[in-house]
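Read the structure below first, then the notes.
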Amino acid sequence: MAVCHLAVGLSVGQLHRPTSRGEHRSTLVHAYTWRTLSNQDRACIQHTLAKHASDSLTANSRHCHPSVTHKCLSMSPVTAAASVSGSKPAKAPVQTFTASKYNFWSPGYQVQTSVQKREDAYAAQINVSVSPKIDNKEVYVSWGAYRASAAKWFHPHSISGAGSEPDPHCSKAKRIKLKKAFSPTGSSSYRVQFTVPLQLAPVMLGFRLYIVGESSNGKGQYLAPAGSRHFTIPVGLQAGYPLPQGPAAAAVSQDGTTCDVNFAVRSRHAASMSLCLARQTSDPQGKVGFLEVALDPLVNKTGDIWHVCLDGLKDVSSLCYGWRAEADVAWEGRSRFHPGQVMMDPYCPLVAHTRLPDNANLVAPKGGAAGSMPINTPEVPLSSLAFLLDNFTFQVERPRHSLRGTVMLELDVASFTSGRQAEEAGVLPQHQGKYLGMLDRLELIRQVGATAVLLTPVVMTAEGDGPMGQAPMSFFAPNPALAVDSHPAAASQELKLVIKELHAHGIEVILQVEYCFTSEGSDKQPQASSLRGLDAATYYRHNGVLNCGHAVVRHLILDSLHHWAEEYQVDGFCFVNAETLVQDADGNILDNPALADDIAHDPLLQSLKLIAWVADDTLLPRLGERGFPHWGIWAERNKAFQRDITSWLAHNQSGLASAVATRMTGSADLMAGQAKEGLLPGSLATGRPPAWGLNSVSAVGSDSLASLISQVHWDQGEEGQQGTLAKSLLTSSLLCQGTPIISQDAIQDPSLARFVATVVHFRKAYVSLLQPAHFTSSRELRWHGATTGSEPDWLGEAAANGYHAANFIGYSLHRPGERSIYIAYNPNKYPVQIDITDAPSGHIWRQVVDTAEAVPLDAMTRLHEFPSLLQHNQYHIQAKAAIALISDAVS
């Protein structure tokens with residue numbers, strides 16, 4: 001593979017800095033404010049870049065916010081202290097170039113440096129002010145240039161510094177004797193200037209001061225700032241800003257041809273950090289543009305955040321980058337650094353698979369066996385800068401459905417849009433398994449009456465312990481594997497288009513998100529690609545799950561949720577393995593977990609649908625007795641509903657009548673408020689409406705409707721009951737009190753999709769009776785057994801005595817002035833003759849649903865077509881069947 005290293009004397013392809021006065025900056029944006037700018041200002045920047053990318057140049061870009069930055073870093077008094085400052089004018093006039101200044105000081109001397117861009121070169125100046133104590137000493141600058149490694153200095157002839165000679169005390173350096181200068185006030189200083197060609201930038205100039213006779217033994221002494229091995233002057237790049245994390249546009253040229261980009265990444269335990277920049281190429285034999293710049297821990301670090309700003313990047317849509325972190329690799333330290341490997345930025349909003357030069361990315365072997373050699377992996381997922389050209393606009397208002405009026409359809413983009421059923425439904429071949437395939441199936445989503453789609457993770461994933469056997473590789477970037485186009489920005493653009501079209505049809509979009517497991521594995525099977533290779537001790541707990549109890553991780557999660565809510569206009573989130581959110585850094589279970597509290601009370605997020613989906617109730621406060629800590633805000637995927645309903649209806653387990661009745665009426669044990677003062681914290685005692693419990697009997701993946709039915713023991717001749725049971729389970733989700741979630745396998749078969757659509761229509765038509773807004777309601781609910789005047793077998797006595805209809809449960813709903821509804825279920829594998837309670841005076845019962853019937857009698861849509869029941873109100877309910885009746889006035 002041909003390699004084009006971006007170094008001295010080699011072509012940089014398109015990855016180079018501005019080389020003329022004409023490439024000035026006139027549109028300036030402070031990197032701190034990039035993610036908080038108004039949509040108009042952000043659109044200005046993106047429009048300018050996009051215009052150039054599409055060869056439709058503009059010479060009149062409007063001005064955005066001016067950039068003025070200042071940063072001070074305090075140092076120990078032993079050798080030096082420093083301040084770094086850089087400024088840009090509010091309006092950058094033509095042929096005016098700004099200077100960056102870096103100041104270091106300590107008792108006895110002060111070092112001031114500046115970099116000024118001129119027409120054909122950078123001028124880097126060093127000015128050393130000294131105390132009278134060393135005023136007459138000889139002072140040298142021992143210097144070298146570097147990029148990828150601060151320990152490997154080079155001295156190109158193109159960098160001119162008058163009087164440079166080999167340093168006799170340091171083989172890797174050259175030195176220059178500083179000239180003394182006097183100010184008008186009479187104070188003295190030493191000065192030297194370097195000239196660096198524009199073509200050589202970006203490059204770091206490193207130097208130390210050597211003062212002859214300064215040491216105690218009369219020999220010379222090297223001076224360097226505390227916290228760094230040497231002083232550093234960035235040339236052709238800037239110190240950058242610590243916020244926002246990830247990449248951000250710092251400035252855009254007026255003609256849109258170049259862009260200054262700020263990069264920031266957090267790592268507390270890294271001893272050194274390098275930014276690696278690569279340019280994508282479609283030619284597998286083509287040259288790979290690659291640039292690696294080692295950051296200085298004094299100039300390019302604030303707190304735990306490393307940062308740098310690269311000037312004048314061209315064609316940013318084809319640029320990708322990553323980070324190389326280095327520190328102690330000892331296993332006992334828990335930092336898990338992989339200095340040979342390039343890591344993806346956790347905050348970057350786009351990911352692209354990128355070719356790197358050979359040996360630029362050496363991946364640690366899976367498992368990290370002792371003595372095993374790193375693997376050369378030239379293709380690696382890296383962070384893409386193509387998002388800077390994204391000027392997508394939604395121009396469609398979000399739908400605003402209440403939970404009570406929500407019918408949620410759970411979909412996996414890849415499987416829902418591929419396979420025989422998708423092909424028969426008209427999904428275009430190029431759209432199969434892709435985001436855009438959702439648009440080809442939009443009519444089906446609408447037909448079944450869904451008001452919201454719950455999408456399994458759409459972020460960049462890889463093999464792991466999350467849903468569908470996948471786990472997140474990035475919390476910010478959509479999965480490029482689901483995009484039709486191969487352009488780095490395609491995944492973002494296509495997903496946004498799908499969301500926009502769903503919104504245009506009144507359908508909300510809720511994302512499943514996973515903040516427990518990642519694709520980076522565990523200590524036993526590490527697969528570092530981002531967080532694990534940047535600072536595993538911060539981001540992960542000992543057991544390999546994400547450390548949601550750490551403040552840094554909490555900020556990461558909140559920032560990612562804001563990103564999806566703002567950039568993609570999503571309407572809510574379903575948190576898979578939500579129990580991780582309630583544990584601290586040591587795994588202790590908290591009644592009032594900070595992260596769940598922050599999400600619930602975040603001014604942007606609390607207006608969205610927030611759904612906790614817990615895998616293990618024992619990892620919740622009070623062993624999950626009151627569910628996920630909610631403060632009356634969090635909704636919850638009701639595991640108890642699935643457990644009790646399927647145990648009773650699918651497996652005919654006896655003794656569950658009381659539990660099943662609780663699930664059918666909204667799970668008051670989980671949702672209703674508890675007034676026992678002092679016994680429960682507010683996060684658990686506060687009540688929630690019934691709709692805050694999400695009812696489902698299946699889920700996409702291993703808990704599908706088909707797999708649930710296959711777990712039932714069927715005798716020969718009972719195969720026909722399987723379809724009945726499937727519809728009965730769906731009926732329970734749709735008609736029991738709470739918000740229904742229907743998984744995609746329930747609508748793949750046309751007859752089953754028609755059944756779902758009809759029952760959804762019935763639910764919406766009588767929502768006030770079926771789904772009251774609160775547990776205290778004006779409706780009257782009566783429970784019924786199989787015979788007249790009886791009730792369900794609450795205590796299990798009838799089942800113990802062998803009564804054949806013991807597990808039958810029926811109930812009727814009444815409210816004066818409205819129609820009444822009767823619903824019943826037979827979980828037995830044999831038919832049961834039941835006595836139906838009398839209809840209200842002057843009314844008869846009409847059949848709406850009977851899941852044992854064939855299409856179209858299994859679910860009726862028009863009242864005048866509903867079959868009426870005989871006057872004696874007896875009904876033969878088949879095995880595993882559910883029925884729903886509605887009262888109708890006798891004409």
Check whether any side-chain N or O of Ser384 sits under 3.5 Å from a backbone N or O of Ala352 as a donor-acceptor pair, and report yes or no.
no
Is Arg279 salt-bridged to Asp315, cutoff N-O under 4.0 Å?
yes
Hey, does the side chain of Asn361 reach the backbone of Val342 with a donor-acceptor pair shorter than 3.5 angstrom?
yes
Tyr539 side chain to Ser530 backbone, donor-acceptor under 3.5 Å:
no
Residues in side chain to side chain donor-acceptor pair (under 3.5 Å) with Thr232, at least two apart?
Tyr146, His230, Asp296
For Glu397, is there any backbone N or O sitting under 3.5 Å from a side-chain donor or acceptor partner on His503?
no
Charged N to carboxylate O under 4.0 angstrom, Arg324 versus Glu292?
yes
Whether Ser267 side chain and Leu534 backbone form a donor-acceptor pair below 3.5 Å:
yes
Per side chain to side chain contact (heavy atoms under 4.5 Å, CB included), Val203 is matched among Val235, Ile233, Leu237 by Val235
Short question: side chain of Arg147, backbone of Pro202 - any donor-acceptor pair under 3.5 Å?
yes
Does atom NE2 of His562 have more than 12 heavy-atom neighbours, drawn from other residues, nucleotides or ligands, at distances under 6.0 Å?
yes
Can you confirm whether Met204 sits close enough to Asn300 that some side-chain heavy atom of one is under 4.5 Å from a side-chain heavy atom of the other?
yes
Tell me, please, which residues at least two apart from Asp598 pass side chain to side chain donor-acceptor pair (under 3.5 Å).
none
Would the Tyr102 and Phe231 ring centres measure less than 6.0 Å apart?
no
Short question: side chain of Asp311, backbone of Asp260 - any donor-acceptor pair under 3.5 Å?
no
Is Glu520 reaching over with its side chain to a backbone N or O of Arg532, donor-acceptor style, under 3.5 angstrom?
yes
Per-pair distances, 0.1 Å, donor-acceptor, side chain in residues 479-487, under 3.5 Å, sequence neighbours excluded:
from: Asn479; atom 1: OD1; to: Ala481; atom 2: N; distance (Å): 3.0
from: Asp485; atom 1: OD1; to: His487; atom 2: N; distance (Å): 2.8
from: His487; atom 1: ND1; to: Ala489; atom 2: N; distance (Å): 3.0

Measure up the Tyr568 and Trp564 rings against each other and bin them: parallel (under 30°), tilted (30 to 60°), perpendicular (over 60°).
tilted
Using the ring centroid of each side chain, check whether Trp143 and Phe194 are separated by less than 6.0 Å.
yes
Within the side chain of Gln569, is there an N or O that forms a donor-acceptor pair under 3.5 Å with the backbone of Glu566?
yes
Gln341 side-chain N/O to Ala528 backbone N/O, donor-acceptor pair under 3.5 Å
yes
